[in-house]
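Protein chains get the first letters and strands the later ones, always in sequence-line order, with residue 1 at the start of each.
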Amino acid sequence: MAARRQYWLLKSEPTVFAFADLWAAPRRESPWDGVRNYQARNFLRAMRVGDLAFFYHSNAAPACIAGVVEIVREAYADPTQFDPGHDQFDPRSKPAEPSWSAVDIRAVEPLTRSVSLEELRGAPELASFPLLQRGSRLSVLPVRGTEWRAILALGRRKVEP
DNA sequence: GCCAACGTTGGC
DNA sequence: GCCAACGTTGGC
């Protein structure tokens, strides 16, 4: 079966780590670590090198999609789970059987225009987009091809509608 | 800062 | 296995 690129969305609070921070990092790369939710972790583990993801700014004014990133390293044991000095330290996780995973990402493209939540809500193609559902809190989400293209079209548009 | 929604924990 | 309490998320 041919490998097929999948699409994702990753949430980050820009005051902690913004798309611009990733863009400014060496080789525009960074680990994506610290995920401590099983469903989100399972999505991380399903990612393949070459998959693309939107970089979403949560807890921002306005919350928005700021850019596109690529998965450059598939899931590996998240080192922060074993670091007692780290906020995300998990004393129950055993090195022989790590509970949590990280991937590495690389910034690919800043969107010409950030796409705000309000705009996302206005797009008919995104009616069932998980991010827009009530109470959605997952920090890692799958994105369908139709949704991906609709959002890209909004983000690449140069002129206000 | 508020608060609704959600995931996790732990007593039973 | 149930479920109340708690901590966290995240839009506003």
Side-chain angles (χ1 to χ4, degrees), chain A residues 6-25 30-47 51-69 71 75-105 107-144 146-148 150-157 160-161:
Chain A
Q6 295 197 91
Y7 302 109
W8 308 94
L9 180 141
L10 301 169
K11 286 186 192 175
S12 184
E13 300 196 23
T15 55
V16 179
F17 189 68
F19 185 77
D21 297 324
L22 181 62
W23 194 260
S30 169
W32 190 265
D33 56 21
V35 169
R36 294 295 182 269
N37 169 286
Y38 289 105
Q39 203 178 345
R41 179 205 68 183
N42 292 342
F43 286 138
L44 287 182
R45 290 180 176 177
M47 291 177 177
D51 284 0
L52 297 176
F54 286 125
F55 193 107
Y56 176 78
H57 285 172
S58 63
N59 258 318
C64 65
I65 292 175
V68 176
V69 307
I71 309 306
Y76 55 96
D78 179 350
T80 65
Q81 70 196 305
F82 303 125
D83 176 1
H86 197 280
D87 279 352
Q88 306 291 350
F89 175 58
D90 182 355
R92 293 180 302 182
S93 183
K94 304 287 180 288
E97 204 175 344
S99 299
W100 308 109
S101 298
V103 298
D104 287 353
I105 60 174
V108 169
E109 172 190 351
L111 293 179
T112 308
R113 309 166 53 251
S114 292
V115 183
S116 69
L117 256 193
E118 187 185 8
E119 279 184 279
L120 295 173
R121 291 213 165 94
E125 300 92 334
L126 302 178
S128 58
F129 194 41
L131 182 75
L132 306 181
Q133 306 312 310
R134 200 174 162 71
S136 153
R137 296 195 318 175
L138 264 191
S139 59
V140 183
L141 294 172
V143 179
R144 297 176 187 163
T146 50
E147 297 165 339
W148 180 267
I151 295 168
L152 260 197
L154 290 171
R156 284 174 171 161
R157 197 165 52 195
E160 293 293 328

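- For the pair A/E119 CD and C/dG11 P, the computed distance is 15 Å after rounding to whole Å.
- In this structure, A/H57 atom NE2 and C/dG11 atom C1' are separated by 16 Å, rounded to whole Å.
- Of the possible polar contacts, one joining the A/D78 side chain to the A/G34 backbone as a donor-acceptor pair under 3.5 Å is found.
- The aromatic rings of A/W32 and A/F55 stand perpendicular to each other, their planes meeting at an angle above 60°, with 30° marking the opposite boundary.
- Nucleotides of DNA chain B nearest to A/R134 and A/Y38 differ in position, and the one nearer the 5' end is that of A/R134.
- C/dC12 atom P lies 10 Å from atom CG of A/L132, rounded to whole Å.
- Heavy atoms of other residues, nucleotides or ligands lying less than 6.0 angstrom from CD of A/E97 number 12 at most.
- Between A/W100 and A/Y76, the ring centre distance reaches or exceeds 6.0 Å.
- Heavy atoms of A/R36 sit nowhere under 4.0 angstrom from any nucleic acid atom.
- Look at CG on A/L117: it is 10 Å from C1' on C/dG10, rounded to the nearest Å.
- The two atoms that bring A/S93 and A/S99 nearest to each other are OG-N, 2.9 Å, heavy atoms only.
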Report, one pair per line, the protein and nucleotides 2-9 of chain C atoms (nitrogen or oxygen only) whose separation is under 3.5 Å.
residue	atom	partner	partner atom	Å
C/dT8	O2	A/R137	NH1	2.5

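- Remark: side-chain polar atoms of A/Q133 are paired, donor with acceptor, to backbone N or O of A/A127 under 3.5 angstrom.
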